[in-house]
A.B. asks: 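Can you read through this structure? Questions will come right after.
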There are 2 protein chains.
Amino acid sequence: MTERATAKRERLVASAAELLHRNGVGATSLADIAQLADVPLGNVYYYYRTKDDLVRAVLAAQTEQVAAMVDGFAGLPGPAERLKALASRWDLMRDVVARYGCPFGTLTTELNRRDDGLDRDAAMPMRGILDWAVSQFQELGCAEPRDLAVALLSAIQGSALLAATLRDPELLSAQVHRLHDWIDTLIPV
Amino acid sequence: MTERATAKRERLVASAAELLHRNGVGATSLADIAQLADVPLGNVYYYYRTKDDLVRAVLAAQTEQVAAMVDGFAGLPGPAERLKALASRWDLMRDVVARYGCPFGTLTTELNRRDDGLDRDAAMPMRGILDWAVSQFQELGCAEPRDLAVALLSAIQGSALLAATLRDPELLSAQVHRLHDWIDTLIPV
DNA sequence: GTCTATAGCATGATAGAC
DNA sequence: GTCTATCATGCTATAGAC
């Protein structure tokens, strides 16, 4: 029954991802995750030796999500459209973001303070987005692509934080639109 | 000995603020705070009935810090200078921010997910900065002062998040300089 | 007002039957 | 591979002596 076992793994990671987003790492118990995944508590440890291992699995899943997301933008005509599509992704999740924050941003924020290996793993999703954005600004012909990529991702993450703090999805939408306009500004004539 | 009692209160709040910044609410125990403040554990409860009460006191202190900070900008010649001074505040703390994030941003992020009253209190420091920034953009004569204020604070908070994630103080400095340039762009001729 | 000791609870992790 | 029962720990909070 290796297949069933894989299914349980996936259910555990999916449940963990949801609860880590909603409640954070510290406030989420393995019992909570096990219950949501419909797996007995003691059995969790067969698949993931420690809680940190499970958190690492969530980070790996997020990193894959990021890779899949930017791959999905490949079909768009140009880098400006692709960068705008990136920003719009957060607008699509505006209601969740305005309640619980950006799934990447909040998890990274909580893990950044650590000093064990987990803080390194936590940076991977953000790095994935950032590196891809740098390549897009390069393709656009911009002078300092890295600074621009950091500016874009900063604006997205900061907007997500403020939207969650003020519980205001419209705030996020408005800032994403500002970013669209800004990106259009950068297109060389 | 009412004076000594006040001193203890202040030491407790200061210690709590430092540890909440470095380790977060969930990962900080009252024992840790008591030890850093040099107050016996059981005595903490004489001053603050619950851990949440102490967290609220930290939020109140942060809100006062924000008020004092913007008051300190009042002597500057114009709103553009004042807004630039705001952004520079994070650049001054770049090394701490690149390690533990923005003290306001990380605490707010952790408390945003709650549903008790604490999530309301958590928004106060951010609101204080935001409202002040709106008034400055208004004074500058900008069309949509609130959107601009949100954009500025978002950029600061997002930059702090990325700087902490990548452990890169220079990232923060570079983005603050970008914000200075951007503010200069907005000055009406 | 101050401090010690400890109750009461939740959690991460393990042992071991099936 | 699966699941139950439980240990060990660390925490918030309280009781009560001084």
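In the text below, chain A, chain B and the rest are named by the order of the sequence lines, each starting its count at 1.
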A.B. asks: Between Met124(B) and Leu20(B), is there a shared hydrophobic cluster once you connect ILVMFWY residues whose side-chain heavy atoms come closer than 4.5 Å?
C.D. replies: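 Different clusters.
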A.B. asks: For residues 15-25 of chain B, which residues have at least one heavy atom under 4.0 Å from DNA chain D?
C.D. replies: none
A.B. asks: Identify which nucleotide among dT4(C), dG12(C), dC3(D) has an atom closest to any side-chain atom of Pro40(B), counting heavy atoms from C-beta outward.
C.D. replies: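 So the nucleotide nearest the side chain must be dT4(C).
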A.B. asks: Look at Arg56(A) together with Asp53(A) and state whether they make a salt bridge at an N to O cut-off of under 4.0 Å.
C.D. replies: yes
A.B. asks: Which whole-number value in Å describes the distance from Tyr48(A) OH to dT11(C) C1'?
C.D. replies: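 Going from Tyr48(A) (OH) to dT11(C) (C1'), I get 20 Å.
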A.B. asks: Pairs of donor and acceptor atoms involving the side chains of residues 67-83 of chain B, under 3.5 Å and at least two apart or interchain, shall be tabulated with distances.
C.D. replies:
from, atom 1, to, atom 2, distance (Å)
Glu81(B), OE1, Gly78(B), N, 3.3
Arg82(B), NE, Gln136(B), OE1, 2.7
Arg82(B), NH1, Leu76(B), O, 2.8
Arg82(B), NH2, Gln136(B), OE1, 3.4
Arg82(B), NH2, Glu139(B), OE1, 3.3
Arg82(B), NH2, Glu139(B), OE2, 3.0

A.B. asks: Strictly distance-based, threshold 3.5 Å: is any side-chain N or O of Lys51(A) a donor or acceptor partner for the main-chain N or O of Thr28(A)?
C.D. replies: yes
A.B. asks: So what does Tyr47(B) hit on the nucleic acid, given a heavy-atom distance under 4.0 Å: a base, only sugar-phosphate, or nothing?
C.D. replies: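 Sugar-phosphate, backbone atoms only, no base.
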A.B. asks: Just by distance, with hydrogens left out, do Ser88(A) and Asp91(A) show a side-chain donor and acceptor under 3.5 Å apart?
C.D. replies: no
A.B. asks: In whole Å, I'd like the distance from the CG atom of Asn43(A) to the C1' atom of dA5(D).
C.D. replies: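 Nearest whole value for this atom pair: 14 Å.
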A.B. asks: Verify whether one side chain among Ser29(A) and Asp32(A) offers a donor that lies under 3.5 Å from an acceptor in the other.
C.D. replies: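 Side-chain D/A pair, Ser29(A) to Asp32(A): present.
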A.B. asks: Within the structure, does a side-chain N or O atom of Tyr46(B) lie under 4.0 Å from either OP1 or OP2 of dG1(C)?
C.D. replies: yes
A.B. asks: So, Glu110(B) and Arg113(A), do they make that salt bridge, N to O below 4.0 Å?
C.D. replies: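 Yes, Glu110(B) and Arg113(A) are salt-bridged.
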A.B. asks: Can you pull every protein N or O that's under 3.5 Å from an N or O on nucleotides 13-17 of chain C?
C.D. replies:
from, atom 1, to, atom 2, distance (Å)
dA13(C), OP2, Lys51(A), N, 2.9
dA13(C), N7, Tyr45(A), OH, 3.0

A.B. asks: Between Leu179(A), Leu162(A), Ile156(A), which is the residue that forms a side-chain contact (heavy atoms from CB on, under 4.5 Å) with Ser154(B)?
C.D. replies: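 Among Leu179(A), Leu162(A), Ile156(A), the one that satisfies the side-chain contact (heavy atoms from CB on, under 4.5 Å) with Ser154(B) is Leu162(A).
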